[in-house]
Amino acid sequence: MPRRIDGARWRASLLSLLLLLVVWEVAALLTADPTLVPTPQGVAAIIWLEAERGVLFVHLGATLLRVLAAFLVAMGIGCTIGLWLGRSPGANRWGDPWLVTFLNLPALVTIVLSYLWIGLTEVAAVTAVAVNKIPLVAVMLREGARAFDPNLDDMSRVFRMTPWARLRHVWAPQLAPHFAAAGRAGVSLIWKIVLVVEFLGRSNGVGFQIHLYFQQFQVGYVLAYSVSFIAVMLAVEVFLLQPWERHAGRWRRHAG
């Protein structure tokens, strides 16, 4: 039964993407100026050309490295803060206003301030993205820590489990779904902010290329780099993040 469901989901996804391409093709054909809405074939030709030149992979790689760096920093700091606030009511009372403030801080403000305070550097770029992601991770892990089963905690104390054993067998399985959900939600947010960071102050990356061709009014190239990176992030979502999230939540399904 699960295989049939997966097959149906894949077919539905492919049909949906084909429908999107058809709508795009029709919109391009109905547009008076073909340079404003290039056809899918035209954008695909640009992607192929940029890939043959090697330029596409250079900029995709630069953006992916920034996404990875910001993701690791944000997950590390956000998880630590979230667990601390979730397990300490006193810390949560003091920390909650900070979380609310940073959750509502616009990404553009963070990016501009990072560039002004740190300079137009990679450190500033990664910092700006991570600062926008940390509050989201902290909130999700805080809720996970609050949802710990007290019976399992009592059991670990009765059996006098070591801190490492308690972390591995009691806390980690309960936190895994929240950690996976935070990671999945974070990646979808991080890569969008990274493009803005590159648009405003980097000399390479997908965002930089979009800025370059925006200035030249080359809509086809803007779409080519956008579609290329969206395709990469969709692959990350389908082949890495979704399986990770399902694996992390497997113990809850078995328990049910």
Side-chain angles (χ1 to χ4, degrees), residues 5-29 31 34-72 74-75 107 125-126 129 132-133 180-200 202-247:
I5 294 175
D6 289 342
R9 184 171 59 190
W10 277 104
R11 286 193 294 272
S13 299
L14 290 175
L15 288 174
S16 180
L17 288 175
L18 287 174
L19 178 61
L20 176 61
L21 290 175
V22 169
V23 172
W24 182 359
E25 180 75 27
V26 171
L29 293 176
T31 303
T35 61
L36 292 178
V37 184
T39 63
Q41 301 94 306
V43 172
I46 294 173
I47 294 174
W48 182 262
L49 176 63
E50 292 293 280
E52 277 192 326
R53 293 172 54 207
V55 179
L56 179 66
F57 300 113
V58 170
H59 293 288
L60 283 176
T63 300
L64 284 172
L65 285 176
R66 292 186 183 111
V67 169
L68 178 61
F71 176 81
L72 293 176
M75 290 297 290
V126 172
V129 180
N132 278 277
K133 172 73 168 61
R184 185 179 175 191
V187 168
S188 65
L189 174 66
I190 279 177
W191 75 263
K192 297 179 180 70
I193 301 176
V194 166
L195 294 189
V196 179
V197 167
E198 294 173 342
F199 191 97
L200 293 176
R202 301 311 303 138
S203 59
N204 57 12
V206 174
F208 169 77
Q209 289 295 92
I210 291 174
H211 186 204
L212 174 65
Y213 290 115
F214 162 75
Q215 293 177 319
Q216 300 175 8
F217 206 71
Q218 296 283 341
V219 180
Y221 280 85
V222 170
L223 288 175
Y225 276 92
S226 302
V227 169
S228 298
F229 198 67
I230 289 172
V232 171
M233 296 314 298
L234 281 176
V236 171
E237 166 77 14
V238 172
F239 297 109
L240 292 179
L241 296 179
Q242 288 184 7
W244 177 31
E245 191 172 26
R246 287 195 297 269
H247 179 76

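In this chain, numbering begins with 1 at the start of the sequence shown. Just so it is clear, the structure is predicted and the values come from calculations on it, not from any experiment. FYI, side chains are in, hydrogens and waters are out, and symmetry mates aren't considered; it's all heavy atoms of this structure.
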* Met233/Thr63 under side-chain contact (heavy atoms from CB on, under 4.5 Å): CA gap, chis, key distance, verdict -> CA-CA 11 Å; Met233 296 314 298; Thr63 300; over 6 Å; no
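- The distance from the CD1 atom of Ile190 to the CG atom of Leu68 is 9.5 Å, given to the nearest 0.5 Å.
- Atoms OH and CD, from Tyr213 and Gln216 in turn, are 6.5 Å apart once rounded to the nearest 0.5 Å.
- Going from atom CG of Leu223 over to atom CD1 of Ile210 covers 9.0 Å, rounded to the nearest 0.5 Å.
- Put simply, the side chain of Val43 reaches to within 4.5 Å of the side chain of Ile47, judged on heavy atoms.
- Note: Leu18 CG to Glu25 CD = 12.5 Å, rounded to the nearest 0.5 Å.
- A heavy-atom distance below 4.5 Å is found between the side chains of Val55 and Gln209.
- Among all heavy-atom pairs drawn from His211 and Phe199, the shortest one is ND1-O, 3.1 Å.
- For the atom pair Leu195 CG and Leu200 CG, the distance stands at 11.0 Å (nearest 0.5 Å).
- For Phe71, the ring-ring contact (aromatic ring centres under 6.0 Å, His included) criterion is met by no residue, not counting sequence neighbours.
- With sequence neighbours excluded, the residues forming a ring-ring contact (aromatic ring centres under 6.0 Å, His included) with Phe229 are Trp191, listed by chain and number.
- In this structure, Val194 and Glu198 have side chains that are in contact, with non-hydrogen atoms separated by less than 4.5 Å.
- For the pair Arg66 and Gly205, the tightest heavy-atom approach, listed with the atom from each and the gap, is NH1-CA, 4.0 Å.
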* Give the C-alpha distance, both sets of side-chain angles, the deciding distance and a yes or no for side-chain contact (heavy atoms from CB on, under 4.5 Å) between Ser228 and Val206. => CA-CA 9 Å; Ser228 298; Val206 174; over 6 Å; no
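- Val187 and Lys133 get closest at one heavy-atom pair: N-CE, 4.2 Å.
- Between Pro38 and Val219, the shortest heavy-atom contact is CD-CG1, 3.9 Å.
- The two residues Val197 and Ala125 come nearest to each other via the heavy atoms CG1-CB, 3.3 Å.
- No side-chain heavy atom of Trp48 sits under 4.5 Å from any side-chain heavy atom of Leu56.
- Checked options Ile193, Val67, Leu189, Val196; the residue passing with Val129 is Ile193 (criterion: side-chain contact (heavy atoms from CB on, under 4.5 Å)).
- Atom OG of Ser16 sits about 14.5 Å away from atom CZ of Arg11, to the nearest 0.5 Å.
- Side-chain contact of Tyr221 with Glu50: a donor-acceptor pair under 3.5 Å is absent, judged by distance alone.
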